[in-house]
Number of protein chains: 2
Amino acid sequence: MAEFPTVTDVALAAGVSRQTVSNVMNSPEIVRLDTRTRVEAAIESLGYRPHASARRLRTRRSSTIGIRLDPMIDGISGSVLDSFLHALTEQADAKGLRVLLFTATSPEDEIAQFRRLNDGADVDGFVLTSTSAGDPRTKWLLKKKIAFVTFGRPWGSDDLNQPEHLWVDVDGWHGLHSATRAQQEAGAKRIAFIGWPSPSGTGDDRRRGWHDAMLERGDVPEAELARLEVVTADGVSEGTAAMQRLRAAAGRIDAVLCASDSLALGAMIANPERIPVTGYDNTPIAAAIGLSSVDQSVDEVAAGVLELLTGEFEGRIDAAPESTAPRHRLVKPRLVERRFAAIPMDPAGTPTRSPAVPAVDPVPN
Amino acid sequence: MAEFPTVTDVALAAGVSRQTVSNVMNSPEIVRLDTRTRVEAAIESLGYRPHASARRLRTRRSSTIGIRLDPMIDGISGSVLDSFLHALTEQADAKGLRVLLFTATSPEDEIAQFRRLNDGADVDGFVLTSTSAGDPRTKWLLKKKIAFVTFGRPWGSDDLNQPEHLWVDVDGWHGLHSATRAQQEAGAKRIAFIGWPSPSGTGDDRRRGWHDAMLERGDVPEAELARLEVVTADGVSEGTAAMQRLRAAAGRIDAVLCASDSLALGAMIANPERIPVTGYDNTPIAAAIGLSSVDQSVDEVAAGVLELLTGEFEGRIDAAPESTAPRHRLVKPRLVERRFAAIPMDPAGTPTRSPAVPAVDPVPN
DNA sequence: AGAAAACATTTGATCGATCAAATAAAGTCG
DNA sequence: CGACTTTATTTGATCGATCAAATGTTTTCT
């Protein structure tokens, strides 16, 4: 009994009943002030912690959200998910929610996991990332009326209007538009874009941001604009190749915008003149190399995801909230400007800052 | 009742009692074959899933391990933890364990989280990463007799002999030793090392691997060896600066080994002659750039962590197993050799492979 | 003051599974 | 064949919390 006090122990110590202790924890406002403080003192002195599983069994609510941990294909763009995961965990914690991980080898397998976790009352809802058009997972979750929010718009046109489908996304158009603007204001006229092949929901969105900003300014005739654009698969070496194609075919280039930091890093490798390159995702790589990059503001995304998931009931998750609150959030990314400060491209150059000696292991692990 | 069948429903359907159903799930061997199949059929047809919380309440076991998600400082080396996390989740899943995330702002805060998660019966044990010498967290966990395993040796000499402290680590000495050997066999004699300032448990360990291999071969006199070594904080720009210092002071260099991929990437930037550079961690960056790198085999680490944590009782976690099994695992990393295949450093060169057009979004999110 | 309403606290039942002990069935052996 | 093991299955109690409803207490109002 000394090991793990229960509500009953606390009740005994405070001279009240179990339920009053429970009330102090869950709806303090209905307990008279003096009893409340007495109970709180007892809780404190006994070091009581509620037993999560017992509570869940009774309330049929786990206060846990499940998220699939994707196999990391590209560590560069993967780091966005990584920091999103971190932001999500941190903010979930503040709301008394927990984050449970799982993995899956295929969409079908993932659905099986959904079932297992949901039926077992392990989680109350899910956060999905990397959704694709006509995603079978969202269909299934909707059918089963299981709460979920996706990070990423459902690009399939029909899905977009489904009001049950909650989503949070980053406005890629806005990101590229403002990145283009920033270069224009710095004096650049011929701004190139290295993107992904169409159709790609996010890719096309970002491309349009660049395209629209270029048209608005009118520095380059619309017909000419195609020469300033190159599409390729994502990746560092692909970025290098794309940059080389641009240099061969596009004439003068004042700045280059890329659909990802991977591409941007690649582009930098074939960029001896140090034409300004802007990436997307603001990964640690961009910071290390000194690339400007569009930051997805994962904190805001995480906050939006949790808000939607918990609905207006703080800390609770409901599969079918009848609120009329907006069903989605479109987060504005922000441009982080850098000027290659960290990268002495010229081998003969002097280092920009002398190496600091850390007090502890740089990489303790 | 149609919504969520319970053991009782299954029992009714199969014409047996609750407990028999429970036995079929937990110790099938004690149930007669024909009853077992009958119960299994009922489970299948009703779509029964055990209620995790109810089971946990009764068994006082959550089958969940907690792991702190570090704030990602450097996305490059952070990706090791990321893939470790993935491996851990995947293998935990196979053993019927779940992985619960949490965050903390300081060691003290983390200890508070330990307490909360453990007292609330949310988790059975913890996996710690980024441990430091004389870590207060491990002390506290040991005192409270809470199960945990660290990824990383306790470098403090006194801690090393504590048999209660279970750990899994990667043999950095072996990693650097074999990387050095590989370069020597390829004909290199003057092999430089870019490392971290001492004292650093992991850093010194890796350095020794290089140092010992160099001495064994004897291509470079011991006195001369210091000229081939540079220490610096971790980071890309630090790597670039370190490489420049090496080039200025070390004379001829046939190959460069680095204590991390971040340093290696930095070194590559100040490496127009394409001296072979080897990194550490085999991050996606290394793959993208075409750097050789020492792979930490996170899969083996994850397996070791889970084995130690679950002890010999498959799927169970015990704070004080009385087995005499080894208390730790030292995993041998393996060298992944690459030859800059992906990186056309010469801006005028042709791309090494033409960009493939992906069928789906390269980065769907 | 007395009745009604508002507030505060307690009691019994319950969530779904497993444990421990009791019972029933099958197998062994002199 | 009946007493004795061994094996298979069932019953009652329990894990720790919350819900729903009952009881007790205080305040409000006529």
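Every chain is numbered from 1, with letters handed out A, B, ... down the list of sequences.
The salt bridge (charged side-chain N to carboxylate O under 4.0 Å, His left out) test applied to A:Asp93 returns B:Arg116, not counting sequence neighbours. Annotation: side chain to side chain contact (heavy atoms under 4.5 Å, CB included) contacts of A:Leu330 (sequence neighbours excluded): A:Arg153, A:Trp167, A:Asp169, A:Asp171. Contacts of A:Ala52 classified as side chain to side chain contact (heavy atoms under 4.5 Å, CB included), with partners at least two apart in sequence or in another chain: A:Arg56, B:Asp122. Applying the side chain to side chain donor-acceptor pair (under 3.5 Å) test to B:Ser62 and every residue at least two apart in sequence or in another chain returns B:Asp124. In this view, B:Thr89 satisfies the side chain to side chain donor-acceptor pair (under 3.5 Å) rule with no residue, not counting sequence neighbours.
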I'd like a list of close polar pairs between nucleotides 22-25 of chain D and the protein, N/O only, cut-off under 3.5 Å.
none

Distances under 3.5 Å between nitrogen or oxygen atoms of protein and nucleotides 10-15 of chain D:
from, atom 1, to, atom 2, distance (Å)
D:dT10, OP2, B:Ser17, N, 2.8
D:dT10, OP2, B:Ser17, OG, 3.0
D:dT10, OP2, B:Thr20, OG1, 2.7
D:dG12, N7, B:Arg18, NH2, 3.0
D:dG12, O6, B:Arg18, NH2, 2.5
D:dA13, N6, B:Arg18, NH2, 3.4
D:dT14, O2, B:Arg58, NE, 2.8
D:dC15, O3', B:Arg60, NH2, 3.1

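One interatomic measurement links the two molecules: CG of B:Asp34 to C1' of D:dA8, which rounds to 11 Å at whole-angstrom precision. Whole-Å rounding puts the A:Leu33 CG to C:dC7 C1' distance at 15 Å.
Side chain of A:Gln91 to main chain of A:Asp299: a donor-acceptor pair is present (N/O by atom type, distance under 3.5 Å, no hydrogens or angles).
Applying the side-chain hydrogen bond (donor to acceptor under 3.5 Å, both in side chains) test to every pair with at least one member in residues 100-111 of chain A, sequence neighbours left out, gives these pairs: A:Arg68-A:Glu110, A:Thr105-A:Asp109, A:Ser106-A:Glu108, A:Glu110-A:Arg137. Within the structure, salt bridge (charged side-chain N to carboxylate O under 4.0 Å, His left out) pairs that include any residue of residues 29-54 of chain B comprise B:Arg32-B:Asp34 (at least two apart or interchain).
Proximity of A:Ser22 to the phosphate of D:dA17: no side-chain N or O atom is located under 4.0 Å from OP1 or OP2.
A:Arg49 comes within contact range of the sugar-phosphate backbone alone, with a heavy-atom separation under 4.0 Å but no base atom that close. Across all strands, A:Thr8 comes closer than 4.0 Å to no nucleic acid atom at all (heavy-atom distances). At a threshold of 4.0 angstrom between heavy atoms, the contacts of B:Val21 with the nucleic acid are absent.
Side-chain atoms of A:Pro50 lie closest to D:dA17 of the nucleotides D:dA17, C:dT9, C:dA17.
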